[in-house]
Amino acid sequence: MILQYIPKRRTDLFCAQKEKIKDSVSMACTAYSVGNSPRLAGTRATRAFFKYNINGGSSSSVSFTGYRTWNTLSSSYLKECYVSSRWNFVVRASRNGGQRSGESVLSDKGNGNAKDSEERVVVLVIGGGGREHALCYALQRSPSCDAVFCAPGNAGIAQSGSATCISDLDIADSAAVITFCRTWGVGLVVVGPEAPLVAGLTNELVKAGIPTFGPSSEAAALEGSKDFMKKLCDKYGIPTAKYRTFTNPSEAKQYVAEQGAPIVIKADGLAAGKGVIVAMTLDEAYEAIDSILVNNAFGSAGSRIIVEEFLEGEEASFFALVDGETALPLESAQDHKRVGDGDIGPNTGGMGAYSPAPILTRELQSVVMETIILPTVRGMAAEDCKFVGVLYAGLMIERESGLPKLIEYNVRFGDPECQVLMMRLESDLAKVLLAACRGELGDVSLKWSPGSAMVVVMASRGYPGAYKKGTVIRNLEEAELVSPAVKIFHAGTAIDSNGEFVATGGRVLGVTAKGKDLEEAAARAYDAVEAIDWPEGFYRRDIGWRALRRKQNTGFAAAAAAKKNA
């Protein structure tokens, strides 16, 4: 069998020539682009051949014109082959027997560079949203990363070449994930979403000796139970909003009547980002209480509720990598939760974000570390529940005091904040996350690109309510060509029978751009958004408005001061 990739202007799906190999097993090959680096292209392409079983095994070779050849002693599985569009490749398979499934089948002869002797790692990213696309993108650029898999991934991740997607790996089955890791020599698992963390995937992987970035199920209770988080804050003096926990709707309503509105009602458990209601009137609060506790709007996640004081101020997101004892802050970011321009309408998972966030000055970041992050890390350790992973603190910078209070913790990267952070990160992400798994963050420093980054989320019309699935999205490739500083991260897309991208979720695309400042990043992001042909999609047109207004006001104040002193 011979499979040959012919570079095209657009990277399209294609079917390879089919031939019988042993028991009439056929193979199909899908070509994806993985960027411009020959080293990355070669390494990732050779490690991407798996899934379609060829009975009895086969031997094959992969050759890259103008580069080098790897030999494959056996290939028990063949999957989506993706290569840089700069190179031709040929795969020749023969029936020469082979090794048992599960043995190493790839041999990299190296190219004589010193980097070949450095520690390199194969990474598996768990998840299939925009956050995971951004993580795969950053890992794929990491010098120490040998290959990136993503389970289940999505169409955009696969098409972009950021990772090889393993769509049929059941991430809820820890035994299956462990088997995959052992089969393919995975040396680092990065768990993206909160649900597998709360379910204990990290516990099982660590028990199997597989380094995993993400907290245990016990530590993930910081996000999995708002009541747990609040009690930790009480015990260790972490500033947060005043609250009470209820299971009885009548008692909850009585407390609300005593406190007055506005007030915040939260489901205790995981509710896919929809379990928080900011009630502006008492009637809205009573309705929210009944919806959660009586009508089971969020199922078991709403068996308890948190009734919390309403904080006035400006929200911001703060991220820190944690290795159990040491916390390493990331760059600041700020997202937009409300669905409509001007921060109106219902809360969403996030309609856009930018980094850095001017409100989080260096002084304020130090306050957050000293009063919120480090007490949490120490408190979790004292509770015999060490936290390893990323702490994502949702903060309110109070209007009156100017000081931060903790609104909630997430135990994974935010989405869409992860997109702007990964666009700006210049450090080797794989090496950094491995250091966190090994308790070695004290030796790590991070490098960030200067300037700003912004992501504008394109969502299906109707989101966060009911929306139509399967609508066609066109011109994505043209949109990314608006600027080399533009990258489109996919959160909810698939490929239809015509080879077109279609929307499968509420939040679908994260159109992300970098610039020398926020104005330039915003201009590039919105130029790319305008280039996308998706009539059934919508987006906010004011992402970054708080930061831009703050900068404008600062400029006016500086001009007035200069005029006064003249």
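We're numbering straight along the sequence, starting at 1.
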Side chains of residues 405-414: which donor-acceptor pairs under 3.5 Å do they make with residues two or more places apart or in other chains?
unit_1: Tyr409; atom_1: OH; unit_2: Ile372; atom_2: O; d: 3.3
unit_1: Tyr409; atom_1: OH; unit_2: Thr376; atom_2: OG1; d: 2.7
unit_1: Arg412; atom_1: NE; unit_2: Glu194; atom_2: OE1; d: 3.3
unit_1: Arg412; atom_1: NE; unit_2: Glu223; atom_2: OE1; d: 3.3
unit_1: Arg412; atom_1: NE; unit_2: Glu223; atom_2: OE2; d: 3.2
unit_1: Arg412; atom_1: NH2; unit_2: Glu223; atom_2: OE2; d: 2.8

- Assign the ring pair Phe180 / Phe149 to parallel, tilted or perpendicular, where the plane angle (0 to 90°) is split at 30° and 60°.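 Perpendicular, since the angle between the ring planes exceeds 60°.
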
- Task: Give me the ring orientation class for His133 and His490: parallel if the planes are under 30° apart, tilted from 30 to 60°, perpendicular past 60°.
- Result: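 Tilted.
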
- Item | Interatomic spacing from CZ in Phe489 to CG in Leu509 - rounded to 0.5 Å |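 Here the rounded value is 12.0 Å.
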
- Query: From Leu425 CG over to Arg141 CZ, what is the distance, rounded to the nearest 0.5 angstrom?
  - Reply: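 With rounding to 0.5 Å, CG (Leu425) is 7.0 Å from CZ (Arg141).
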
- Under a 4.5 Å cut-off applied to non-hydrogen side-chain atoms, are Val388 and Pro215 in contact?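 Of all side-chain heavy-atom pairs linking Pro215 with Val388, none is under 4.5 Å.
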
- Item | Beyond-backbone contact of Phe228 with Asp268, side-chain heavy atoms, under 4.5 angstrom |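 Side-chain contact under 4.5 Å: no.
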
- Message: Is a donor from one side chain sitting under 3.5 angstrom from an acceptor on the other, for Tyr392 and Asp415?
- Response: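 Distance-only check fails for Tyr392 and Asp415.
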
Please determine if [X] and [Y] form a salt bridge, counting it only when a charged side-chain N lies under 4.0 Å from a carboxylate O.
{"X": "Lys242", "Y": "Glu309", "value": "no"}
{"X": "Asp227", "Y": "Lys266", "value": "no"}
{"X": "Lys230", "Y": "Glu308", "value": "yes"}

- Item | Pairs where residues 323-338 contributes a residue and the test side-chain hydrogen bond (donor to acceptor under 3.5 Å, both in side chains) is met, not counting sequence neighbours |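 For residues 323-338: Glu314-Gln334, Glu325-Lys386, Glu331-Arg362, Glu331-Arg424, Gln334-Tyr354, Asp335-Lys337.
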
